[in-house]
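A short write-up of the structure that comes next.
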Amino acid sequence: MDIYQHFRSEERPFIDQVMEWKADVSMQYTWKRTDFLDPREQEIVDALVGRNDDVSVSFWGGSEHAERKRACLIPPYLELAEEDYGLTLFELSYPKKFLTIDHRQVLGACMSLGVKREKFGDILVADERIQLVVATEIAEFVRLHLTSVGKAQVEMVELGFEQMLVTTESWHERTATVSSLRLDAVIGEMLSLSRAKAAELVEKGRVKVNWKLVESGALTLHAGDHISVRGFGRHKLLEVEGKTKKDKFRLRIGRMGH
């Protein structure tokens with residue numbers, strides 16, 4: 001069976017990596033903890049490893065609602081505790097009366113430390129409180145060096161995960177018809193824009209599909225794909241329901257709301 005046929009061509013390198021992890025765990029009687037994975041990567045790992053006899057996989061990002069999670073691939077005789085996932089939770093202490101900080105600024109400050117994105121989990125923002133999940137192996141480095149976000153001086157305060165903020169999300173659903181499953185056509189319909197305007201958003205680097213930046217409006221979308229457009233929020237192609245009499249695709253699409 002060709003394992004690649006169910007995935008996009010650009011996902012092949014990640015698929016190869018997962019199969020390597022699986023083989024290592026199966027043959028070397030060891031276990032493997034990954035960096036933080038986005039939800040699409042989690043889906044791929046789950047599909048390739050699943051719950052077979054040799055290797056099983058589980059995910060944890062600090063709470064059930066976490067978006068970014070680390071995976072642990074383990075042989076059947078191992079039991080894992082929460083601390084084995086290697087997560088540390090920080091809350092940012094900053095002068096809230098005088099300054100506001102947003103998600104994008106926090107991510108920018110994290111990236112300026114020179115640590116790869118995969119070492120950071122969710123950034124949670126609720127009622128002026130901001131929390132950050134990081135890989136435990138870089139926690140001390142982050143605590144010492146993440147001292148400012150935007151114009152705000154910040155202090156990293158470590159918390160237990162029972163104090164992790166819960167942010168809830170909901171999807172506002174509707175049906176729509178499009179002439180093509182091309183990214184620019186679907187974005188145009190989702191955002192009530194012309195295809196040319198939608199294509200421009202893609203070309204300007206404002207569109208991600210499944211958490212990865214996309215540079216071509218010609219990309220074909222599939223059911224389950226997440227689409228985020230900077231300035232327009234997050235959307236999901238929930239289902240391709242079939243075709244209309246005029247040979248258009250009937251879609252169920254969702255927009256994230258709170």
Side-chain angles (χ1 to χ4, degrees), residues 3 7-8 10-51 55-75 78-92 103-125 130-146 149 156 158-161 164-165 167 208-214 226 228 234:
I3 58 168
F7 303 98
R8 297 183 184 283
E10 63 269 22
E11 292 173 335
R12 281 188 170 210
F14 184 68
I15 291 163
D16 292 341
Q17 175 81 81
V18 176
M19 297 309 288
E20 203 176 293
W21 294 338
K22 183 180 176 183
D24 286 349
V25 173
S26 177
M27 294 188 300
Q28 296 176 14
Y29 303 103
T30 181
W31 64 290
K32 166 71 184 174
R33 179 175 68 200
T34 71
D35 286 335
F36 285 97
L37 306 174
D38 65 40
R40 175 59 182 162
E41 290 167 334
Q42 292 166 41
E43 278 177 20
I44 293 171
V45 174
D46 206 36
L48 295 175
V49 180
R51 302 285 180 278
V55 184
S56 65
V57 63
S58 55
F59 304 91
W60 186 244
S63 83
E64 291 304 319
H65 306 283
E67 181 175 280
R68 296 172 63 80
K69 297 176 181 177
R70 297 187 90 165
C72 285
L73 285 72
I74 60 170
L78 263 190
E79 291 274 323
L80 290 185
E82 257 177 39
E83 53 266 28
D84 291 323
Y85 291 89
L87 308 182
T88 298
L89 176 66
F90 286 120
E91 182 150 341
L92 280 65
H103 184 285
R104 210 164 143 204
Q105 289 173 310
V106 177
L107 181 56
C110 291
M111 294 298 91
S112 72
L113 297 176
V115 179
K116 61 182 183 176
R117 176 69 176 105
E118 291 81 7
K119 292 293 181 187
F120 295 95
D122 284 1
I123 297 166
L124 302 159
V125 182
I130 297 175
Q131 293 181 350
L132 172 64
V133 183
V134 306
T136 298
E137 60 268 26
I138 64 156
E140 186 60 12
F141 176 84
V142 171
R143 190 181 66 77
L144 290 172
H145 293 94
L146 191 59
V149 174
M156 309 298 286
E158 188 173 337
L159 298 178
F161 279 94
M164 187 171 175
L165 292 169
T167 56
K208 288 183 178 180
V209 175
N210 297 328
W211 296 271
K212 303 287 185 287
L213 199 61
V214 174
H226 285 256
S228 63
R234 291 166 69 166

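Note that the numbering runs from 1 along the sequence shown for the chain.
Salt-bridge annotation for Glu41 and Arg117: absent, with no side-chain N of the basic residue lying under 4.0 Å from a carboxylate O of the acidic one. Salt bridge status for Glu10 with Lys212: absent, with no side-chain N to carboxylate O gap under 4.0 Å.
The distance from atom CZ of Arg8 to atom CZ of Arg40, rounded to the nearest 0.5 Å, is 7.0 Å. To the nearest 0.5 angstrom, Thr136 atom OG1 is 6.0 Å from Leu87 atom CG. Atom CZ of residue Arg104 and atom CD1 of residue Ile123 lie 12.0 Å apart, to the nearest 0.5 angstrom. Atom-to-atom distance recorded for Phe7:CZ and Arg12:CZ is 11.5 Å, nearest 0.5 angstrom. The distance from the CG atom of Leu165 to the CG atom of Leu89 is 8.0 Å, given to the nearest 0.5 Å. The CG atom of Leu37 sits 10.5 Å away from atom NZ of Lys69, with the distance rounded to the nearest 0.5 Å.
For the pair Val142/Met156, a side-chain contact is recorded, criterion being any heavy-atom separation below 4.5 Å from C-beta on. Counting only heavy atoms from C-beta outward, the side chains of Val57 and Asp46 approach each other to under 4.5 Å. Using a 4.5 Å cut-off on side-chain heavy atoms (C-beta onward), Leu159 and Gln131 make contact. Counting only heavy atoms from C-beta outward, the side chains of Phe161 and Ser63 never approach each other to under 4.5 Å. Between Arg68 and Val133, every side-chain heavy-atom pair lies at or beyond the 4.5 Å cut-off.
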Worked check of side-chain contact (heavy atoms from CB on, under 4.5 Å) between Leu146 and Cys110: CA-CA 7 Å; Leu146 191 59; Cys110 291; 4.2 Å; yes
Stepwise side-chain contact (heavy atoms from CB on, under 4.5 Å) check, Cys72 with Trp60: CA-CA 8 Å; Cys72 285; Trp60 186 244; over 6 Å; no
Arg143 and Thr88: CA distance, side-chain angles, deciding distance, side-chain contact (heavy atoms from CB on, under 4.5 Å) verdict: CA-CA 11 Å; Arg143 190 181 66 77; Thr88 298; over 6 Å; no
Verdict with supporting geometry, Leu48 and Lys22, side-chain contact (heavy atoms from CB on, under 4.5 Å): CA-CA 9 Å; Leu48 295 175; Lys22 183 180 176 183; 5.7 Å; no
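The closest donor-acceptor contact from the side chain of Gln42 to the backbone of Glu67 lies under 3.5 Å. Within the 3.5 Å criterion, the main-chain N or O of Ala23 finds no donor-acceptor partner in the side chain of Ser26. Using a distance-only test at 3.5 Å, with no hydrogens or angles considered, a donor-acceptor pair links the side chain of Asp84 to the main chain of Ala81. Lys119 contributes no side-chain N or O that, together with a main-chain N or O of Ile138, makes up a donor-acceptor pair within less than 3.5 Å. Under the 3.5 Å distance criterion, the side-chain polar atoms of Arg70 are left unmatched by any main-chain donor or acceptor of Phe36.
Among all heavy-atom pairs drawn from Ser56 and Val49, the shortest one is C-CG1, 4.1 Å. Smallest separation of non-hydrogen atoms from Ser112 and Ala109: OG-O, 2.7 Å. The two residues Phe90 and Ala139 come nearest to each other via the heavy atoms CZ-O, 3.5 Å. Counting all heavy atoms, side chain and backbone alike, Trp31 lies closest to Ile74 at CB-CG2, 3.9 Å. Taking both residues in full, the closest heavy atoms of Val134 and Phe120 are given as CG1-CD2, 3.7 Å, listed atom of the first, atom of the second, then distance. The shortest heavy-atom contact between Ala66 and Gly61 is CB-O, 3.5 Å.
Taking the six-membered ring where the residue is Trp, Trp21 and Phe14 present perpendicular rings, their angle passing 60° and hence far from 30°.
Heavy-atom contacts from other residues, nucleotides or ligands closer than 6.0 Å to NZ of Lys208 number 12 or fewer.
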